[in-house]
Each structure stands twice: as C-alpha cells, then as structure tokens.
Amino acid sequence: MANQELKDKLYRIVFGSETEAGKKFDVILIIAIILSIFIVMCDSLFRNHLWVMRSFVVLEYLLTIFFTAEYLVRLYCSPKPRAYAFSFFGIIDFLSILPMYLGIFLHGARYMLLLRSFRLIRIFRIFKLFSFLEEGHLLLKSIKDSLHKMIFFFLFIVIVVICLGTVMFIVENGVPGSQYTSIPTSIYWAVVTMTTVGYGDITPVTSIGRFFSTLVMLLGYTMMAVPPAIVTSEMVKNNRKQIRRVCPNCGKIGHDKDALFCKYCGSDLEPTEKTKASKDKTKKEEIESNNQ
C-alpha cells in the first residue's frame, strides 16, 4: 500500500501539472532542458579551451544523470510503463539521454543532445496551451492525408529536373569555359536553380543557356507554391469535417467537435462518442447524487 501511495504521489508530480508540486517540477525540468541546450551550443564554440570543455562535460553529465533519474521515475510511477516508453514523449525522453552515453564510445554523438529541445513541448502543458497542440495535430493529419499527393509531386519534380539538366547539358556542353561537363552535374545545377538556392558554382556561358536558366528559375518559383497548397487544401477539408455537425432541431452547421448543444437554438446535438460519454458521465453523477 505504501509503495502504491508513493507511485501515486510521484505520478501527480511528474505527469501532472495541476498541483503546485507538479508545476514546480515542470518549471525545473524546462529550465534544465534549456540549460542543457545552451551548454551543448557553447561546447561547440569553446572547443579549443580545455578547461571550459571539461566544465561543460561535467555539467552535461550532471544534467544527464538528472534526466535519466527522471525517465526512470516516470517508468516507475506510470500505470502503464510500456505504453509510456513507446509513446511520443517516452521516446523523446529516452533519446534525450541516450546521446551522452553513446558519446563515451562515439566521438561527437553527445551533440545530439539537442534532441532535448523537443522536450520543450511540455511547456504547452504548463501554460494550458493544448488548443495549439490540437492545431498541431490537425496539421500533422493534413500532411499525412496529403502524403500520396506529395510523393507524386516529388516524383514529377525528379523527372522534370532530369529533363532540364539534360537539356542544359546539350546546350552548354562543348562550349569553352562551360562547367556543364556531364549530365549529373547539369542535374545538380537544375536542382540548385529550381529550388532558388543559387550557389553560383555552376553558371551558363551561352545566351541560350542564360535564357533557359531564367525559365528554370521562374518554373522553380511556381513549383514551390504547390506543396503548401496541397497541405492547406487538406487542412481546410479536415477542418470542415470537424465543424460540419448538423443540429437536428434547426439544421444549422458550424459547431465545435466537442459541443454538446447547438450554439444557435440551444438544443442537443447529435451525440458523438465523446459527447455521448460526457452525457453518460453527467447522468451517472446525477443518479449517484440523488441516491445520496
């Protein structure tokens, strides 16, 4: 019993943010994460100063011990340790402590400690910003739904780039001072030009080549607008699905997905799984209250 009480107390502190102790723990955790990220960045700046490097390494190990203990405590007090270990936050928590131990055997692996920056997502829980997380879930779902379109578009771009590189090789090959010595080199130029990166390491010499480069640049600007449009279209579609609940009384739409009553006439909406569970819970509480 004492062991279970300890687990419950640790669970409220480590996983919860409603209690004062839970809020303080989350704040300390975020400060430690920010400090760890700052140390790793400074570590890369003062690599030639031995005493500074040693100080940073000691601080990194102390923070890693703290994060390791925190991860083990989460596993200990979690009602479902396996579910937590393979959840999004569980994987991020594990990956945030792994690089420091790998750094003992692999030089430079500890710089992957910057993965700890993902743990800053917990700041949403502290400041009650879960509505932003829901928007993030909508974005991820939209990207997932548009993935097949994105893959098709990517393959289309690959074909276009190969064709453009080949044409440029035909135009510029054999011209004195030309850097288009092979088709792969020309394809590389096409990728750099279409993405508007423009390194300038390969440039056309002939007038036809420069004119063709201008067309490729303009085409690149056009192509860059397509992926955001695809994702935005899916976001609008998913958002409409969420708010297209119809009121059985007045027939109007535009209600929130978790709404219990119509915002126009006030009548009950068609129950979803979430609203039905909420109503059942409310009804159960009313019955228990009446029995008492």
Side-chain angles (χ1 to χ4, degrees), residues 37-38 40-49 91-92 95 98-99 102-103 105-118 120-121 135-239:
I37 295 170
F38 177 76
V40 174
M41 290 182 177
C42 291
D43 189 3
S44 64
L45 290 174
F46 299 98
R47 299 179 65 180
N48 297 326
H49 299 78
I91 294 173
I92 292 297
L95 291 178
L98 184 62
L102 290 178
F105 308 101
L106 300 174
H107 178 70
R110 60 194 181 90
Y111 290 113
M112 292 301 295
L113 286 173
L114 289 176
L115 286 170
R116 286 176 184 169
S117 58
F118 281 99
L120 291 175
I121 297 175
E135 297 297 328
H137 292 155
L138 177 62
L139 175 61
L140 291 176
K141 186 178 185 305
S142 301
I143 293 175
K144 182 180 178 181
D145 292 343
S146 60
L147 189 60
H148 62 287
K149 297 179 183 177
M150 299 287 285
I151 293 174
F152 174 80
F153 179 75
F154 175 77
L155 294 176
F156 174 74
I157 290 297
V158 170
I159 296 172
V160 170
V161 164
I162 292 174
C163 294
L164 293 176
T166 303
V167 172
M168 199 63 176
F169 174 74
I170 296 172
V171 172
E172 291 283 323
N173 184 38
V175 178
S178 175
Q179 298 169 305
Y180 299 85
T181 55
S182 63
I183 291 180
T185 302
S186 301
I187 293 174
Y188 162 75
W189 165 86
V191 172
V192 172
T193 305
M194 278 197 67
T195 54
T196 68
V197 175
Y199 289 129
D201 52 344
I202 302 176
T203 55
V205 178
T206 64
S207 300
I208 298 177
R210 291 172 181 172
F211 175 76
F212 186 71
S213 297
T214 303
L215 296 179
V216 174
M217 294 175 197
L218 295 175
L219 180 63
Y221 276 112
T222 305
M223 293 295 187
M224 286 174 61
V226 176
I230 294 174
V231 177
T232 303
S233 175
E234 289 296 331
M235 287 187 67
V236 172
K237 188 186 299 182
N238 289 328
N239 191 52

Closest heavy-atom contact between P204 and G209?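 So the minimum-distance heavy-atom pair works out to CB-C, 3.7 Å.
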Applying ring-ring contact (aromatic ring centres under 6.0 Å, His included) as the test, list every pair that has at least one member in residues 188-212; sequence neighbours left out.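 Residue pairs passing ring-ring contact (aromatic ring centres under 6.0 Å, His included), neighbours aside: Y180-W189.
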Could you pull out all residues at least two apart from [X] that satisfy side-chain contact (heavy atoms from CB on, under 4.5 Å)?
X: C42; result: F38, F46, F56
X: P227; result: M150, F153
X: M224; result: T196
X: I208; result: V171, T206

Measuring from [X]:[atom1] to [Y]:[atom2], what's the distance to the nearest 0.5 Å?
X: L98; Y: I91; atom1: CG; atom2: CD1; answer: 12.5 Å
X: R210; Y: L215; atom1: CZ; atom2: CG; answer: 15.0 Å
X: I187; Y: M168; atom1: CD1; atom2: CE; answer: 13.5 Å
X: I157; Y: I162; atom1: CD1; atom2: CD1; answer: 11.5 Å
X: L164; Y: S213; atom1: CG; atom2: OG; answer: 10.0 Å

Would you say the side-chain atoms of [X] pair up with the backbone N or O of [Y], donor to acceptor, closer than 3.5 Å?
X: S178; Y: G174; answer: no
X: T232; Y: P228; answer: yes
X: E172; Y: Q179; answer: no
X: T193; Y: A190; answer: no

Residues which pass side-chain hydrogen bond (donor to acceptor under 3.5 Å, both in side chains) with S182, listed by chain and number, not counting sequence neighbours: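 Here the qualifying residues are T185.
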Full working for side-chain contact (heavy atoms from CB on, under 4.5 Å) between F156 and M223: CA-CA 10 Å; F156 174 74; M223 293 295 187; 3.6 Å; yes
Determine which pairs satisfy side-chain hydrogen bond (donor to acceptor under 3.5 Å, both in side chains) with at least one residue from residues 147-156, sequence neighbours left out, and list them in order.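 side-chain hydrogen bond (donor to acceptor under 3.5 Å, both in side chains) check on residues 147-156 returns K149-E234.
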